[in-house]
There are 2 protein chains.
Amino acid sequence: MKKRLTLKLIAKELDVSISTVSKALRDSAEISEDTRQKIKAFAKLYNYKPNNIALSLKNRKSKTIGVIIPEIVHHYFTTVISGIEQVANEKGYHVIICTSNNSFDKEVINMEILANGSTDGFILSVAKETQQKGDYHHLTEVIEQGMPLVMFDRVIEEINCDKVIIDDTLGAKKAVQHLINLGCKKIGLISTIDYVSVGKLRTQGYLEALSENNMELNESLILKVDDFDESEDEISRFLSDKSMDAVFAVNEHFAIYAIKAFKEQGLDVPKDVSVIAFTDGELSKRFIPSLTTINQHGEEMGAQAARLLIRKLENDDSEDEPFETIIIETGLVERNSTKR
Amino acid sequence: MKKRLTLKLIAKELDVSISTVSKALRDSAEISEDTRQKIKAFAKLYNYKPNNIALSLKNRKSKTIGVIIPEIVHHYFTTVISGIEQVANEKGYHVIICTSNNSFDKEVINMEILANGSTDGFILSVAKETQQKGDYHHLTEVIEQGMPLVMFDRVIEEINCDKVIIDDTLGAKKAVQHLINLGCKKIGLISTIDYVSVGKLRTQGYLEALSENNMELNESLILKVDDFDESEDEISRFLSDKSMDAVFAVNEHFAIYAIKAFKEQGLDVPKDVSVIAFTDGELSKRFIPSLTTINQHGEEMGAQAARLLIRKLENDDSEDEPFETIIIETGLVERNSTKR
DNA sequence: GAACACTACGAAAACGTTTTCGTGTTGACA
DNA sequence: TGTCAACACGAAAACGTTTTCGTAGTGTTC
């Protein structure tokens with residue numbers, strides 16, 4: 001097992017001082033051409049690489065971004081991470097990822113650990129439990145310590161920091177407007193209960209689209225799924241006697257259950273009924289029929305979040321710079337679950 | 001912006017020496033009950049947390065595991081990460097994730113950066129390009145430096161280190177055996193070209209299953225997909241005139257294309273033909289019909305890899321301990337794409 | 001009262017860097 | 001010959017810890 005080369009070792013070997021070695025390697029003018037060459041040659045030969053930890057301690061920055069997400073086994077979050085990683089690496093940062101598993105405690109602990117020097121700033125999507133609990137002390141604490149924080153997707157209004165979100169309401173409106181443009185008259189909504197913020201916002205988009213088109217609101221066409229595990233049955237029952245010509249679902253899974261239910265009723269998607277979903281994942285692409293969806297552009301969201309964070313990190317007087325909220329445009333991806 | 005509390009600051013505030021503070025906080029018997037209480041109270045009040053970077057430098061360990069994977073937007077890898085994270089966190093480690101994007105260069109760079117103190121060891125699934133190139137100098141280098149390395153999934157035979165893999169051949173055999181048990185006589189195979197190792201191994205499992213059951217090998221029932229992007233058409237053509245009663249596909253996507261093609265031929269899955277896939281992902285669960293699959297147990301693979309790595313990290317004389325290769329059992333998940 | 005053992009604390013080194021400042025050696029110049 | 005600047009380098013502090021060792025001060029023992 002070879003020992004890692006340090007400045008000290010090089011200095012001893014070449015019979016100069018540590019400072020000389022350090023300066024030579026950084027091309028300081030203080031060092032003569034001769035010794036500089038000698039030292040650099042030696043360092044290269046034995047593959048010297050400075051110790052990141054020592055540098056971090058010295059510079060009081062780790063060049064590392066901490067990312068905390070509710071869960072990693074989730075296509076959308078991986079696209080966000082992918083976006084974060086790309087711009088982070090480009091700018092010489094690396095990325096530590098922790099999952100909170102939607103647990104408040106784990107979120108707090110992860111933040112505390114990473115805040116103790118491991119990380120220069122955070123990119124975070126809060127855990128469901130945190131949202132419900134309304135306890136944000138861990139967030140305010142890191143902010144008070146001067147660590148920049150960027151929240152994305154699931155953000156907390158009250159916290160004063162940079163944010164990157166999508167316009168859920170507008171996205172939902174887009175989806176429903178698309179259905180209306182196709183000539184659909186009786187459009188159902190499959191959403192989640194309102195305390196899940198996205199459920200609420202997307203429901204609002206649905207309502208706005210209807211009202212803007214002077215279409216009557218029919219409450220019986222709205223389902224708010226309570227228990228995810230029971231959703232398949234719930235949806236099937238909900239769809240059984242409504243004779244809709246279109247459905248907007250707030251996620252892929254609900255859309256697929258809807259299609260399944262329609263099939264069982266002998267209805268064809270998209271001939272008899274159109275289905276559109278929020279969230280564009282692997283499932284949407286491959287399903288038969290493939291799903292028309294609203295794309296959340298996760299990768300761009302990650303990229304923007306990283307850019308925002310790094311800007312704060314590299315700007316010394318960022319203190320008094322105002323916080324930004326970037327809204328990522330959603331996109332309509334037309335596929336085969338809606339008629340043309 | 002509050003400044004972070006350090007031992008030095010506490011010492012100054014309480015008019016004792018830094019060493020006294022350090023010792024008091026670690027409950028050293030050298031310190032009198034009185035001062036110990038006083039210091040601990042103060043530290044708690046102002047929420048002192050030791051600086052991880054300083055500890056890393058001092059202890060020459062970072063308590064961090066570096067994970068390098070080919071891509072993160074991939075359900076299987078996220079399950080592995082999830083497993084790694086669970087056992088890592090449990091044992092007080094955190095996890096840095098980097099993606100190589102299947103690029104050799106990025107894999108090398110990531111390893112070099114992380115190896116400079118940021119990380120105590122690696123868990124790695126090599127990039128495709130690395131596999132093709134056959135250049136493993138970055139792997140041997142970190143090993144020589146005494147950093148433990150655990151490879152998973154896509155491993156390199158020649159590298160001497162701990163490994164966690166699944167038995168692709170056995171898994172494939174299981175799948176085909178299942179089809180045979182169901183009474184299928186004419187079983188097709190949709191695989192990848194042989195230089196993708198999993199394609200080769202799974203093909204071998206298919207062959208073994210046939211021969212063990214004394215079934216004749218019919219080369220025309222084997223498709224080796226060359227170009228992933230063209231695979232849909234390729235599969236559709238391949239399936240058009242073979243009148244098989246079952247197909248084993250080496251991944252979800254191929255299986256789905258197969259089902260699509262059968263449908264277009266007017267065949268029903270699973271009534272007329274059974275389809276089974278390797279890799280159990282989101283897609284398999286939700287597709288209609290849902291897919292019978294071979295599950296690779298990614299989470300367990302990650303957990304085992306982490307356990308292996310941490311054992312090496314915590315064992316001082318791990319030098320001469322032999323390397324292990326753990327084989328994760330594959331499981332058969334019966335769903336609706338195979339008849340009962 | 002001398003010798004000794006505790007007790008409770010502080011000084012300093014170490015981890016691997018960077019950077020400021022000090023200094024010995026040259027050569028030029030008056 | 002004395003003064004001074006330029007050059008090339010080294011010593012030391014600093015980042016925040018832990019740990020070893022040294023040592024005042026106190027109390028015990030014969």
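The sequence lines fix the lettering, A, B, ..., with proteins before strands; numbering per chain opens at 1. Atoms considered below: every heavy atom in the structure, side chains included; atoms not considered: hydrogens, waters and symmetry mates. All of these numbers come straight from a predicted model, not from anything done at the bench.
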For residues 6-14 of chain B, dump all side-chain donor-acceptor pairs below 3.5 Å to protein atoms at least two apart in sequence or in another chain.
from	atom 1	to	atom 2	distance (Å)
B/T6	OG1	B/K8	N	3.4
B/T6	OG1	B/L9	N	3.2

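Under the rule for a side-chain contact (heavy atoms from CB on, under 4.5 Å), the partners of B/N160 that lie at least two apart in sequence or sit in another chain are B/F323. Scored by the salt bridge (charged side-chain N to carboxylate O under 4.0 Å, His left out) test, A/D27 finds A/R36, A/K40 as partners (sequence neighbours excluded).
Residue pairs satisfying the side-chain hydrogen bond (donor to acceptor under 3.5 Å, both in side chains) criterion with at least one member in residues 81-92 of chain A, sequence neighbours excluded, are listed as follows: A/E85-B/T99, A/Q86-A/E299.
When all heavy atoms of B/L308 and B/K163 are compared, the closest pair comes out as CD2-O, 4.1 Å. The heavy-atom pair separating A/V164 from A/V150 by the smallest distance is CG2-CG1, 4.2 Å.
Among the protein residues, B/S56 comes within range of no part of the nucleic acid, since none of its heavy atoms lies under 4.0 Å from any strand. Within the nucleic acid shown, A/L57 comes within 4.0 Å of at least one base atom, counting heavy atoms only.
Of the listed nucleotides (D/dT17, C/dC9, C/dT17), D/dT17 has the atom at the smallest distance from the side chain of B/T6.
The CD1-C1' distance, from A/I39 to D/dA8, rounds to 11 Å in whole Å. Here the C1' atom of nucleotide D/dC15 and the CG atom of B/N51 are 9 Å apart, to the nearest Å. Atom-to-atom, CD1 of A/I10 to C1' of C/dT17 comes out at 12 Å; the value is rounded to the nearest Å. Across the protein-nucleic acid pair, B/K38 atom NZ and C/dC9 atom C1' stand 12 Å apart, rounded to whole Å. When rounded to the nearest whole Å, the span between CZ of B/R36 and P of C/dT7 equals 13 Å. The interatomic distance linking B/L9 (CG) with D/dT17 (C1') rounds to 13 Å, in whole Å. For the pair A/D34 CG and D/dA8 P, the computed distance is 10 Å after rounding to whole Å. The nearest whole Å value for the distance from the CG atom in B/N116 to the C1' atom in C/dT17 is 13 Å.
Distances shown here put every side-chain N or O of A/K61 at or beyond 4.0 Å from the OP1 or OP2 atom of D/dC15. OP1 and OP2 of C/dG16 both lie 4.0 Å or more from every side-chain N or O belonging to A/R4.
Using modelled atom types, one side-chain atom of B/S28 and one backbone atom of B/E30 make a donor-acceptor pair closer than 3.5 Å.
Between the two ends of the helix from C/dG1-D/dC30 to C/dA30-D/dT1, each summarised by a five-pair axis, the helix axis turns through 80° (rounded to 10 degrees).
Aromatic ring pairs are classed by plane angle as parallel below 30°, tilted from 30° to 60° and perpendicular above 60°; the pair B/F42 and B/Y46 is tilted.
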- Message: Using a 4.0 Å heavy-atom cut-off to protein, can you give one letter per nucleotide of nucleotides 18-24 of chain C, 5' to 3': B if the base is in contact, S if only the sugar-phosphate is, - if neither?
- Response: BBBB---
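A salt bridge links B/K312 to B/D162: at least one charged side-chain nitrogen sits closer than 4.0 Å to a carboxylate oxygen.
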